[in-house]
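Okay, structure first, notes after.
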Amino acid sequence: MEKAYSRRPLERNIAMELMRVTETAAIAAARYLGRGDKNLVDGAAVEAMRQALGYVRMDGIVVIGEGEKDEAPMLYIGESIGDGSDTQVDIAVDPIDGTTLVARGLPGALSVLALSARGTMNCPRQFVYMNKIATGHEAKDVIDIEAPVAENLRNIARAKKRSVAEITVVILDRPRHEQIISEIQQVGSRVKLISDGDVAASIDAALPETEVDVLMGIGGTCEGVLSAAAIHCIGGGIQCKAWPRDEGEKEAAIASGVNLDNIYKTEDLINSEDVFFAATGVSSGELLKGVRYFSGGAQTQSLVMRSHSGTIRWIDSLHDFVRSGKTKE
């Protein structure tokens, strides 16, 4: 039975407050662009994000974070966050989607945050990876995670009123995807490989008039839920299925009661009509520009969305470190 609160809009638009959080994390992490240290990047983003979240008017619980309490000193799963106000929410955070990208000075890294009413986010953490397919509103009703690659691509092409050869698939460049890539090539569609950052890729696949039409392949489970939050705001669709890394993970998941044949659709991962999503570019990519520093400040670009209204905003911001009391490192 659907919970009553899943369709109740939150009292205010928190999206702009969330954007301030992702901006803060992006500015902190971008200082370490290309310095080769993922821990520096992640640590700076986590610390900045946690501090900024403490000022948001909400009673939040971290559903997706840096890990369990013993492994993550900040933004751990189950942590209470916010100023303790009455608005009870679930929070999913990825301080940096693409820490490797930032550490290596590569494009496409984001700071990401999603929020919905308490009890409406579902992250099946019994498995680390999911097989995913995601697309925009035109083709969301014709995708099927269990169908052959060729069938999905033909259905997507038909829904978008294009030829199969005009459909572009974005996929992580991993050895595990060799078979999928081969099937995409055989049917005649285009392939766009990415090294990291499948949250940004999922958003790109769901937004209208971008260079890609669909995301396919295996990526992180937590990233799948964050992607579902963004895709729900856009009006697209995502389907996911558990992908155990080995027999041990498979047996552990089954022992915990997980049905490995279950298909997780958008509404299974985010059961709410009022979802907020914010992302700020850290290193410039196709979705968002990265942080640019200037004397006494920085410039950022963010994407802010709310599912209840269907509003999607791209926001360019100038940050004055002198007025805000921030100092250069």
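Sequential numbering from 1 along the given sequence is applied to the chain's residues.
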Heavy-atom check, side chain of S189 versus side chain of E166, under 4.5 Å:
no
Using a 3.5 Å distance criterion without hydrogens, assess whether the side chain of S283 forms a donor-acceptor pair with backbone atoms of A109.
yes
Can you measure from CD1 (I194) to CD (E286) and round to the nearest 0.5 angstrom?
10.0 Å
Tightest non-hydrogen contact, residues A150 and V187, listed as CB-CG2, 3.8 Å
Counting distance only, does the side-chain N/O of S182 pair as donor-acceptor with the main-chain N or O of E178 below 3.5 Å?
no
Return yes when atom CD of E47 has more than 12 non-hydrogen atoms of other residues, nucleotides or ligands closer than 6.0 Å, and no otherwise.
no
Could you tell me whether R313 atom CZ has more than 12 heavy atoms of other residues or ligands within 6.0 Å of it?
no
May I ask you to test the V93-V112 pair for a side-chain heavy-atom distance under 4.5 Å?
no
Between T266 (side chain only) and I238 (backbone N and O only), is there a donor and an acceptor less than 3.5 Å apart?
yes
Treating D90 as the side-chain partner and M121 as the backbone partner, does any N or O pair qualify as donor plus acceptor under 3.5 Å?
yes
Taking the side chain as C-beta and beyond, is there a heavy-atom pair between I91 and V89 under 4.5 Å?
yes
Minimal non-hydrogen separation, I180 against G217, with atom names
CD1-CA, 4.2 Å
Just so I know, are the side chains of R35 and L40 near enough to count as touching, which here means a heavy-atom distance under 4.5 Å?
yes
Considering the options V258, N259, I263, which one meets the side-chain contact (heavy atoms from CB on, under 4.5 Å) requirement together with D261?
N259
Regarding R190 and T168, is there a side-chain donor-to-acceptor distance under 3.5 Å anywhere?
yes
When rounded to the nearest 0.5 angstrom, what distance separates CG in L101 from CG in D196?
4.5 Å
Minimum heavy-atom distance between I133 and V214, given as atom pair plus value:
CG1-CG2, 3.7 Å
Is it true that the side chains of S317 and Q299 contain a donor and an acceptor less than 3.5 Å apart?
no
Under 3.5 Å, side chain of N152 to main-chain N/O of D144, donor-acceptor pair present?
yes
Going from CD1 on I181 to CD on Q186, what distance comes out if it is rounded to the nearest 0.5 angstrom?
12.0 Å
Under 4.0 Å between a side-chain nitrogen and a carboxylate oxygen: does that hold for E138 and K161?
no
Would you call R162 and D213 a salt bridge, taking side-chain N to carboxylate O under 4.0 Å as the test?
yes
Indicate the atoms forming the closest heavy-atom contact of L172 with I218, along with that distance.
CD1-O, 3.7 Å
Taking C-beta and beyond as the side chain, do T300 and D316 meet within less than 4.5 Å on heavy atoms?
no
For residues V63 and V199: do they belong to one hydrophobic cluster (side chain heavy atoms under 4.5 Å, members Ile, Leu, Val, Met, Phe, Trp, Tyr)?
no
Measure across G65 and I77 and return the closest heavy-atom pair with its distance rounded to 0.1 Å.
N-CG1, 3.8 Å
Minimum side-chain heavy-atom gap I315-V304 below 4.5 Å:
yes
Can a donor-acceptor pair be found, under 3.5 Å and without considering hydrogens, that links the side chain of Q88 to the backbone of G60?
no
Within a reach of under 6.0 Å around CZ of R104, are more than 12 heavy atoms found that belong to other residues, nucleotides or ligands?
no
Residues at least two apart in sequence or cross-chain that pass side-chain contact (heavy atoms from CB on, under 4.5 Å) with I61, listed by chain then number, are S80, R118
Measure the CD1-CG distance between I96 and L110 for me, rounded to the nearest 0.5 Å.
8.5 Å
Just by distance, no angles: are the side chains of T22 and S111 close enough, under 3.5 Å, to form a donor-acceptor pair?
no
Between SG on residue C240 and CE on residue M130, distance to nearest 0.5 Å:
4.5 Å
Less than 4.0 Å between a side-chain N and a carboxylate O, is that true for K241 and E146?
yes
Which distance, rounded to the nearest 0.5 Å, do you find between the CG of D268 and the CD of Q239?
9.5 Å
Inspect the surroundings of CZ in R174 and state if more than 12 heavy atoms from other residues, nucleotides or ligands are less than 6.0 Å away.
yes
For E249 and D246, indicate whether the former's side chain and the latter's backbone hold a donor-acceptor pair under 3.5 Å.
no
Within a strict 4.5 Å, meaning less than it, do heavy atoms of the I312 and I234 side chains meet?
yes
Please enumerate all residues that pass side-chain contact (heavy atoms from CB on, under 4.5 Å) together with Y55, with sequence neighbours excluded.
Q51
Is the backbone of G290 close enough, under 3.5 Å, to the side chain of S284 for a donor and an acceptor to pair up by distance?
yes
NZ/K250: more than 12 non-hydrogen atoms of other groups inside 6.0 Å
no
Using a 4.5 Å cut-off on heavy atoms from C-beta on, say whether the side chain of M216 contacts that of N131.
no
On the 0 to 90° scale, with breaks at 30° and 60°, tag the Y264-F127 ring pair as parallel, tilted or perpendicular.
tilted
Please name the pair of heavy atoms, one in T210 and one in V212, separated by the smallest distance, quoted to 0.1 Å.
OG1-O, 3.0 Å
Got more than 12 heavy atoms from elsewhere within 6.0 Å of NE2, H177?
yes
We want to know whether S272 and D274 form a side-chain donor-acceptor pair, criterion being a heavy-atom distance below 3.5 angstrom.
no
